Trainee: 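Here it is: the structure, laid out below.
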Amino acid sequence: MAFSMIMLIDGINAYDTTWNVAAVGQQLGGVNANSPTRNRIYKAYYDRGVAPVILAGDLHWTIVSDALLAIPEASSPIVGEQFIVTSVTSTGDGPGSQATKNGWLKNPWVKYVDGYRGYIRSTFTPTGVYSTQRDVQFVTRPNAPVWDAQNFFIDAKKPGIQLA
């Protein structure tokens, strides 16, 4: 097991805060994948009663989902919330394939999918996390239109992402 995973697990209860944010370069085993690393980390969060907000990358799609203890069990407890975001600079204009989007949305824990390039902007307060998906129409030339594509809310007292 990597030293960084030990530090992550040991540090879960290190601070008495409302929000525990885990920023990772890649999603922990994938949104739909059952991986030993993901399972161990999510179980550590669950066992300690800490609901993380996970910020991840490594896909050319934005995928906002509940982070379930056991995937693909849709009735599994929600451990936290996960924002997988696309790169604002990787190649590819437009919304992406509707078939790919529909494939992701077949999973009930996946709340939102977006194929445009962009980023997530979030504000953390004691009562909730307010986030907005910002999309860029194209990345192949300057001065692309930018817009708010979707708003999200996470209630500090109730796990799960809500579309706002």
Side-chain angles (χ1 to χ4, degrees), residues 1-88 96 100-116 118-135 149-164:
M1 176 177 22
F3 181 68
S4 59
M5 185 173 21
I6 293 170
M7 289 177 53
L8 173 65
I9 290 172
D10 288 347
I12 287 173
N13 288 108
Y15 303 98
D16 183 23
T17 62
T18 302
W19 300 106
N20 186 302
V21 179
V24 295
Q26 298 178 337
Q27 68 273 15
L28 298 173
V31 176
N32 299 328
N34 184 7
S35 89
T37 301
R38 177 212 172 278
N39 293 347
R40 184 169 181 172
I41 292 170
Y42 280 27
K43 182 155 177 25
Y45 276 114
Y46 183 75
D47 289 348
R48 289 163 175 82
V50 175
V53 176
I54 301 163
L55 308 175
D58 195 37
L59 288 178
H60 291 276
W61 287 83
T62 295
I63 302 169
V64 178
S65 67
D66 294 329
L68 301 183
L69 182 60
I71 293 226
E73 302 299 323
S75 62
S76 178
I78 298 171
V79 172
E81 295 76 27
Q82 181 169 251
F83 293 94
I84 299 174
V85 296
T86 183
S87 168
V88 68
T100 299
K101 183 176 182 175
N102 292 345
W104 283 109
L105 290 171
K106 286 181 184 176
N107 301 298
W109 58 89
V110 175
K111 306 302 180 187
Y112 179 78
V113 178
D114 190 335
Y116 280 101
Y119 59 94
I120 297 269
R121 178 178 58 202
S122 297
T123 301
F124 290 78
T125 72
T127 58
V129 177
Y130 302 84
S131 298
T132 301
Q133 169 65 29
R134 301 271 297 160
D135 282 347
Q150 181 65 54
N151 294 311
F152 309 96
F153 177 70
I154 303 168
D155 188 321
K157 296 181 180 178
K158 180 182 174 198
I161 291 178
Q162 301 170 38
L163 300 180

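Model, not experiment: these values are computed from the prediction.
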Trainee: Quick one: does W19's side chain have a donor or acceptor within less than 3.5 Å of a partner on T125's backbone?
Mentor: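 Yes; at least one donor-acceptor contact below 3.5 Å.
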Trainee: Do you know the tightest heavy-atom contact between T18 and P126?
Mentor: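 Shortest heavy-atom separation between T18 and P126 comes out as CG2-O, 3.5 Å.
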Trainee: Just distance, no hydrogens or angles: give the donor-acceptor pairs under 3.5 Å from side chains in residues 44-56, sequence neighbours left out.
Mentor:
{"residue": "Y45", "atom": "OH", "partner": "N20", "partner atom": "OD1", "Å": "3.3"}
{"residue": "D47", "atom": "OD1", "partner": "K43", "partner atom": "NZ", "Å": "3.1"}
{"residue": "D47", "atom": "OD2", "partner": "K43", "partner atom": "NZ", "Å": "2.9"}
{"residue": "R48", "atom": "NH1", "partner": "A44", "partner atom": "O", "Å": "3.2"}

Trainee: Working note: T132 + F152, criterion side chain to side chain contact (heavy atoms under 4.5 Å, CB included); need CA distance, chi angles, decisive distance, verdict.
Mentor: CA-CA 6 Å; T132 301; F152 309 96; over 6 Å; no
Trainee: Taking all non-hydrogen atoms of both residues, which atom of V85 and which atom of T62 are closest, and how far apart?
Mentor: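 V85 and T62 have their closest heavy atoms at CA-OG1, 4.0 Å.
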Trainee: Would F124 and T17 satisfy side chain to side chain contact (heavy atoms under 4.5 Å, CB included), going step by step from the backbone distance to the final call?
Mentor: CA-CA 11 Å; F124 290 78; T17 62; over 6 Å; no
Trainee: Between the side chain of D114 and the main-chain N/O of Y116, is any donor-acceptor distance below 3.5 Å?
Mentor: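 Answer holds: yes.
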Trainee: How far does OH of Y112 sit from CH2 of W104, to the nearest 0.5 angstrom?
Mentor: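 Atom-to-atom, Y112:OH and W104:CH2 are 15.0 Å apart.
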Trainee: What's the separation between atom CD in Q82 and atom NZ in K111, rounded to the nearest 0.5 Å?
Mentor: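 Here the interatomic distance stands at 13.0 Å.
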Trainee: Considering only distance and modelled atom types, tabulate donor-acceptor pairs under 3.5 Å from the side chains of residues 66-78, sequence neighbours left out.
Mentor:
{"residue": "D66", "atom": "OD1", "partner": "I161", "partner atom": "N", "Å": "2.8"}
{"residue": "S76", "atom": "OG", "partner": "L69", "partner atom": "N", "Å": "3.4"}
{"residue": "S76", "atom": "OG", "partner": "A70", "partner atom": "N", "Å": "2.8"}

Trainee: Hey, what do you get for OH (Y119) to OG1 (T86), rounding to the nearest 0.5 Å?
Mentor: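 Those atoms lie 13.5 Å apart.
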Trainee: How close do G57 and I84 get, heavy atom to heavy atom, and via which atoms?
Mentor: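 Nearest pair, atom of G57 first, then I84: O-CG2, 3.9 Å.
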Trainee: Please check: side-chain N/O of Q133 versus main-chain N/O of R121, any donor-acceptor pairing under 3.5 Å?
Mentor: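 Here the side-chain-to-backbone pair does not exist.
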Trainee: Grab the two heavy atoms, one from I120 and one from S131, that are nearest each other, plus how far apart they are.
Mentor: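 Here I120 and S131 meet closest at CG2-CB, 4.0 Å.
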Trainee: Rounded to the nearest 0.5 Å, how far apart are CG of L163 and CZ of F153?
Mentor: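 Reported to 0.5 Å precision, the distance equals 13.0 Å.
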